[in-house]
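Working notes, beginning with the structure itself.
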Amino acid sequence: MHLGTGAAPAKAFESPSLLTSTDSTPVAMTLRNRVPVVSDNGQVITRQIDSTHWVAVHSVSASPLVTLQLAIATTVG
């Protein structure tokens, strides 16, 4: 799982580091940035969590739906 601050990348995030910080400037939460972004191979899902945080989850064996559920579950609470 990758964590970041500020706005989520426009494309599915892929990086070897576990923690990545971008700009911490808050972004407006719109329907567009609430929609998860799936990588071309379906193994990475990036999602804006709130106005200052985003998460990217990578899985080589899980389906995109399961990966998305994991991303959402890990950010609740």
Side-chain angles (χ1 to χ4, degrees):
M1 180 167 52
H2 306 280
L3 304 171
T5 58
K11 293 186 172 187
F13 180 78
E14 296 187 49
S15 170
S17 64
L18 293 179
L19 179 65
T20 301
S21 264
T22 58
D23 181 12
S24 61
T25 304
V27 296
M29 291 300 292
T30 64
L31 288 178
R32 172 181 261 176
N33 68 7
R34 290 177 195 237
V35 174
V37 178
V38 181
S39 63
D40 292 338
N41 63 8
Q43 294 180 346
V44 181
I45 295 181
T46 305
R47 181 177 183 270
Q48 188 77 37
I49 303 305
D50 57 29
S51 63
T52 57
H53 299 93
W54 58 271
V55 64
V57 178
H58 179 265
S59 176
V60 295
S61 60
S63 73
L65 180 58
V66 172
T67 307
L68 174 59
Q69 290 172 340
L70 175 63
I72 293 169
T74 58
T75 59
V76 174

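Residue numbers run from 1 in the order of the sequence given.
Of all heavy-atom pairs between Val44 and Asn41, the closest is N-OD1, 4.2 Å. The shortest heavy-atom contact between Ile49 and Met29 is O-CE, 4.2 Å. Across every non-hydrogen atom of Trp54 and Gly6, the tightest pair is CD1-O, 3.6 Å. Minimum interatomic distance between Arg34 and Arg47 (heavy atoms only, all atoms of both residues): O-NE, 4.0 Å.
A donor-acceptor contact shorter than 3.5 Å links the side chain of Gln48 to the backbone of Ala8. Remark: the backbone N or O of Ala28 is paired with a side-chain donor or acceptor of Asn33 at under 3.5 angstrom.
Note on Val37: it does not cluster hydrophobically with Val55, by side-chain heavy-atom contacts below 4.5 Å among ILVMFWY residues.
Thr46 places a side-chain heavy atom less than 4.5 Å from the side chain of Pro9.
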